[in-house]
Amino acid sequence: MRFDTKAVHAGVTPDPSTGAIMTPIFQTSTYVQQSPGNHKGFEYSRTQNPTRFALQDSIAALENARYGLVFGSGLAAIDAVIKLLKPGDEVISANDLYGGTYRIFTKVFENFGIKFHFIGMEDVANIENYVNDNTKLIWLETPTNPMMNIVDIKGAAAIAKKHNIILGVDNTFASPALQNPMDLGADIVMHSVTKYLGGHSDVVMGALAMNSDVLYQRLAFIQNSCGAVAGPQDCFLVLRGIKTLHLRMQRHCENGEKVARYLAEHPKVNKVYWPGFESHPNHAIAKEQMRGFGGMISFTFHEDDMQQSFRVMERFKVFALAESLGGVESMANHPATMTHGAIPREERMKVGLLDSLIRLSVGIEDADDLIADLEQAIG
Ligand SMILES: *Cc1c(COP(=O)(O)O)cnc(C)c1O
């Protein structure tokens, strides 16, 4: 099946008891057994839930993976991946990361004796400089949040394979509609389902997808043992959201391109970060590994003045000033004080995350209304 058909159908089969076309919300904690151990494969909802299973199958299909697992949030999914490791193990992570990912790595897991190297991955050859016998995981995002850098997934996978290291890719920004890291050699694909997969700003959830039986068994064990599962109501909402993922992403890409090109021409705007520009340093890789450039855009002003950016964001009428992204609604965010507030200023500055930088999640509204909103807000 091709992607658009999978988005509508994968994971969902008519309910055997009624024929209901939509998977019911199995809002139950437990399942009645005939005699101890004599049951239909369902014992307790932390371990098995049909609504969650349908969503897990759907996400696996979208990522061309054999297995999917969903968690209470994107960070809970990352938490599960790091729990594959033990004290003394090392992780090579991209240095341009979602702030919460940086926080769980440095503030939670460093305390457990896991060592993280945060490095530039615009040239993946740099990864090799940090590989040693303790390296167990390479972790990256592409496009990155919020600098919209592109990392060569195939190149990173070749290094991971060579040294027998697990490669995990946070595919939140692209969504499976635009990029499938498994096809490029990743071992684990992670999503903040909260964003494009849910798509309607009404759910917080995370997901992992993988092909290896061993990884699946270990991660499913962690999911059940640590217990950060997603609830059936939320799984239902995401099953519904996914049915329009391909259509939404098409419009996110179209609107994103219009907004990026508008900003690039604006006299007050300094830099616009969007992988669709031919001048983007890794544009060629983006073109090769993505089917579209998405709706995420960051930009700065000529003067790195936080107050000027605040004034612009306060004037928005259509863009909502909010954390998060990937919803049908356009959103603006100030990473330095909001999503990336956990990253020390000097670390931010190193990757170009300036005080004036505004990140846009371009929604699926009429592009002319979005541009008019930017026009009146930037002035
Ligand atoms: C939001 C986000 C996360 C964290 O996901 P939650 O669902 O908020 O826990 C991780 N990575 C990226 C790229 C994100 O945008």
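For ligands, and for the atoms within them, numbers begin at 1 and follow the listed sequence. All residue numbers in this chain count up from 1 along the given sequence. Scope of the values below: all heavy atoms of this structure, side chains included, with no hydrogens, waters or symmetry mates.
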Exercise for review: State whether the shortest distance between N or O atoms of Met190 and N or O atoms of ligand 1 falls below 3.5 angstrom.
Suggested key: no

Point to revise | ligand 1 versus Thr172: contacting region, heavy-atom distance under 4.0 Å | key: side chain

Point to revise | Taking atom 5 (O) of ligand 1 as the reference point, the nearest protein heavy atom with its distance | key: Ser192 OG, 3.0 Å

**Study point:** Heavy atom of the protein closest to atom 2 (C) of ligand 1 (residue, atom name, distance)
**Key:** Lys195 NZ, 2.5 Å

Check your understanding: Which heavy atom of the protein is the closest neighbour of atom 12 (C) of ligand 1, given with residue, atom name and distance?
Key -> Asp170 OD2, 3.4 Å

Review point. Any N/O of Glu141 closer than 3.5 Å to an N/O of ligand 1?
Key: no

Review point. Are Glu347 and Lys350 within salt-bridge range, i.e. N to O under 4.0 Å?
Key: yes

**Study point:** Distance from atom 4 (C) of ligand 1 to nearest protein heavy atom, with residue and atom
**Key:** Tyr98 CE2, 3.3 Å

Practice item. Could you label the plane-to-plane angle of the His117 and Tyr130 rings as parallel, tilted or perpendicular, counting under 30° as parallel and over 60° as perpendicular? Key: tilted

Check your understanding: Donor-acceptor pair, Thr18 side chain versus Ala20 backbone, under 3.5 Å?
Key -> yes

Review point. Among protein heavy atoms, which sits nearest to atom 6 (P) of ligand 1, and what does the distance come to when rounded to 0.1 Å?
Key: Gly74 N, 3.3 Å

Review point. Counting each atom of ligand 1 from 1 as listed, which ones have a heavy atom of Asn145 under 4.0 Å away?
Key: 15 (O)

**Study point:** Sub-3.5 Å N/O-N/O distance, Leu75 and ligand 1
**Key:** yes

Review point. Between Tyr196 and His252, does the ring centre distance come in under 6.0 Å?
Key: yes

Review point. Hey, is Leu325 one of the residues with a heavy atom under 4.0 angstrom from ligand 1?
Key: yes

Study note, to complete from the structure: Within 4.0 Å of some non-hydrogen atom of Met205, the atoms of ligand 1 are 7 (O)

**Study point:** Centroid-centroid under 6.0 Å between Phe277 and Phe293 rings
**Key:** no

Practice item. Measure the CG-OG distance between Asp305 and Ser356 for me, rounded to the nearest 0.5 Å. Key: 8.0 Å

Study note, to complete from the structure: Quick note on ligand 1: atoms under 4.0 Å from a heavy atom of Ser73 include exactly 7 (O), 9 (O)

Review point. What's the shortest distance from atom 7 (O) of ligand 1 to any protein heavy atom, and which residue and atom give it?
Key: Thr194 OG1, 2.7 Å

Review point. Below 4.0 angstrom, N of the basic side chain to O of the carboxylate: do Asp373 and Arg315 qualify?
Key: no

Review point. Counting N and O atoms only, with roles assigned by atom type, does the side chain of Glu122 sit under 3.5 Å from a partner on the main chain of Ile150, one being a donor and the other an acceptor?
Key: no

Review point. Just by distance, do the side chain of Arg291 and the backbone of Ala177 share a donor-acceptor pair under 3.5 Å?
Key: yes

